[in-house]
*Asks:* 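Following this message is one structure expressed as structure tokens.
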There are 2 protein chains.
Amino acid sequence: MAARRNLPKPTDAASSPVSMADLARELGVSMTTISRALSDHHSIGPATKQAVLKLAKKLNYQPNHLAAALRKGKSKLLGVIVPYIEGRFFASVVHGIETAASKAGYSVIICQSSEDVAQERKNVETLLSAQVAGILVSVSRNTLDFRHFEKVRKHGVPLVFFDRILEGDNVNAVVLNDRGGANQATRHLLEQGCRRVAHLAGPLHLNIYKNRRQGYLDALESFGIAPDESLIMDCDMTLESGAACMAQLLELPNPPDAVFSAGDSAILGALQLLKSRGIRVPQDVALAGFSNEALTSVAEPMLTSVDQRCEEMGQAAFRLFKDLVDAEGTAFSQRQVVLQPQLFVRASSLRTGPA
Amino acid sequence: MAARRNLPKPTDAASSPVSMADLARELGVSMTTISRALSDHHSIGPATKQAVLKLAKKLNYQPNHLAAALRKGKSKLLGVIVPYIEGRFFASVVHGIETAASKAGYSVIICQSSEDVAQERKNVETLLSAQVAGILVSVSRNTLDFRHFEKVRKHGVPLVFFDRILEGDNVNAVVLNDRGGANQATRHLLEQGCRRVAHLAGPLHLNIYKNRRQGYLDALESFGIAPDESLIMDCDMTLESGAACMAQLLELPNPPDAVFSAGDSAILGALQLLKSRGIRVPQDVALAGFSNEALTSVAEPMLTSVDQRCEEMGQAAFRLFKDLVDAEGTAFSQRQVVLQPQLFVRASSLRTGPA
DNA sequence: TTGTAAGCGTTATCAG
DNA sequence: CTGATAACGCTTACAA
């Protein structure tokens, strides 16, 4: 018994949805009254209001947001454009955005640019056509200009950038203090007694990698160490690339005693290469990465890394959008929110003995 | 020079968006003509059509999908409900869905149920109110009935389940052959010569875990091995839980020589516990997990695992939805798509010596 | 090939 | 406190 629990009753093919007009007819009042009852307007008798709400529940009334949005000229849809959604970082940021947004009654439409400006342009068009209330975007790797975002502003749609932004443009943005985080990580390595700290740098046209590199340089300077160009490697931040860079670093006449990478995959590649050569981590070479990916706690030794506060970033981005909406008309120009990263120190950088 | 690249020209506050009516007025034709030109209708002179398109481009006309959807009664919005979006699995599935959807001209609205039926119910309401063309859902952990999905069908909105579905209900769904995958993994362990294979089982009210357990039992049976209840552990699939289960298994008078876990985090926990006790993997205990998470390639030894074809699942789910839309009216009842998982054999289960 | 007009489900304005 | 009516931007019979 109890074999088939909640099977659909056979007798219901898509019955036409019930509208406000239906409620009005049924109750013998005007649509205006229905609208007011449903939207909690003040000019409405408590009795009628209750009656409306009751009937709405009974008939399973489902408001049509499209119609409302069309009429009001503003939807409760929020557009989000990310390079891709796989991988911890963007998934977490989107998680943060969605959570904050839905609390405020917004639904989020997600678009992937696949690291391609052309697609990003299409995404913008799509979102504008969907009449979104705002757009949150982290630009693709090869986005070099702002033309397609001009259109967004022309339509009067609030625009917020997060994480990856275009340098030199004054826009609303939420970013991580990448420079500070990199500085912190590098200082930590220096404090462990390392003196030849190498850096795996990402593509420098992206603000995030440029800033991480700068933070690395800052730390060296504060320790009075002159930067050595041969210790700064161009790296595309993949596992393979990290290993290749590490191999190259080991070829140097005077190889590094520590490596700070602008990303975690690359530092893992470096770790694997070191282990394959029998070089001890952290005793011979100490390591630190950036992003605090899950893999940092799985690697052996566990990897020191800078956490990016992904979820906070999502929340902050939404809040900034909301501020823009609420400040409608109030002419305030640009807002930047800067989040403070947090260094997670793990075994890969902790030298047990003295410096 | 070239300091400020693409700064907004100071002279443009949200100019009101241009509509079809504007184009019509400007060109001195009717809105019908505009509509036809824009929607590539056949009854339209090539000359007028070109003129319209040119003007549209010039005036930066942006179609209003909301209005079109309202009129047509069908939007190009697709609703997706997942328990959460962080973590590899759902992020990848969503990636697959979004990629397929956007190719077909749909935008996807993402909702998280946070593993909570109440929230899931709200999500359904939200999506219906947004007039989505369809809903794709992977149910939350504590979803036990279908009432809130009845409403979806009543509205005539195509509904597709993926991965997590409710057993016993006949619905459109895309699932993994979890049973087959588990069978494959367990057989592999048996073929390596293991004879006491333990199983870390997930919450059994979820189809996926129930099926994985069954696949495990199938494999034992095909090897003529009677299942030993003391080797089957209830596990909530976390790292900690996996370690705890492993510890318990080691207490047995006759401990296992292999473990198949229904999830990767748990098997990693088991691995860490074994290593901490100096027990060799795979020589003393061979390990295999499920999901093929990124961490499986980072662990040492690397972990054997069953890949879930996340992205294919997303694509398949979208395709199933599309089929439903295209078959509008055609009364075909339920469709199930079953994807074949793939076993990735790695060091954690490969015994070098003979059995 | 083109135009007219009605209507999708709301909300807002103005009268009662 | 309530009601009639216009309007949001677009599609689509139907008519010319």
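A, B, ... follow the sequence lines: proteins, then strands. Residue 1 opens every chain.
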*Asks:* Under 4.0 angstrom, heavy atoms only, what part of the nucleic acid is B:Gly45 near: base, sugar-phosphate, or nothing?
*Replies:* sugar-phosphate
*Asks:* I'd like to check the ring-ring contact (aromatic ring centres under 6.0 Å, His included) partners of B:Tyr84; sequence neighbours left out, ordered by chain and number.
*Replies:* B:Phe90
*Asks:* Would you indicate, yes or no, if C:dT4 has its OP1 or OP2 atom less than 4.0 angstrom from a side-chain nitrogen or oxygen of B:Ser30?
*Replies:*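 No, no such contact exists.
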*Asks:* Figure out the NZ/P separation between A:Lys74 and D:dC8, and round it to whole Å.
*Replies:* 16 Å
*Asks:* So, A:Glu120 and A:Thr143: side-chain donor and acceptor under 3.5 Å apart, yes or no?
*Replies:*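 Checked: A:Glu120/A:Thr143 side chains pair up, N/O donor to acceptor below 3.5 Å.
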*Asks:* If you measure only the distance, is there a donor-acceptor pair under 3.5 Å linking the side chains of B:Thr33 and B:Ser30?
*Replies:* yes
*Asks:* To the nearest angstrom, how far is A:Lys76 atom NZ from C:dG9 atom C1'?
*Replies:*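 Value for this atom pair: 19 Å.
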*Asks:* Rounding to an integer number of Å, can you tell me how far A:Ile34 CD1 sits from D:dT2 C1'?
*Replies:* 12 Å
*Asks:* So B:Leu70, base contact, sugar-phosphate only, or nothing? Heavy-atom distance under 4.0 Å.
*Replies:* base
*Asks:* Quiz question: by atom type and distance under 3.5 Å, do the side chains of A:Thr126 and A:Ser129 form a donor-acceptor pair?
*Replies:*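 Per modelled atom types, A:Thr126 and A:Ser129 side chains form no pair under 3.5 Å.
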*Asks:* Let me know the distance between CG of B:Asp22 and P of D:dG9, rounded to the nearest Å.
*Replies:*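 Spelled out: CG on B:Asp22 to P on D:dG9 is 8 Å.
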*Asks:* Is there a side-chain contact between B:Thr33 and the phosphate of C:dG3, meaning an N or O under 4.0 Å from OP1 or OP2?
*Replies:* yes
*Asks:* For nucleotides 10-13 of chain C, which of its nitrogen or oxygen atoms have a protein nitrogen or oxygen under 3.5 Å away, and what is each distance?
*Replies:*
from   : atom 1 : to      : atom 2 : distance (Å)
C:dT10 : OP1    : A:Tyr61 : OH     : 2.7
C:dT10 : OP1    : A:Asn64 : N      : 3.4
C:dT10 : OP2    : A:Met20 : N      : 2.9
C:dT11 : OP2    : A:Ser35 : OG     : 3.0
C:dT11 : O2     : A:Arg71 : NH1    : 2.2
C:dA12 : O4'    : A:Arg71 : NH2    : 3.2

*Asks:* With side chains defined as the heavy atoms from C-beta onward, is the minimum distance between B:Leu159 and B:Asn172 less than 4.5 Å?
*Replies:*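 The answer is no; the side chains never approach within 4.5 Å.
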*Asks:* Could you tell me whether the side chain of B:Val18 reaches within less than 4.5 Å of the side chain of B:Gln62, counting heavy atoms only?
*Replies:* no
*Asks:* Just the rounded figure in Å: distance from P of C:dT1 to CG of B:Asp40.
*Replies:* 13 Å
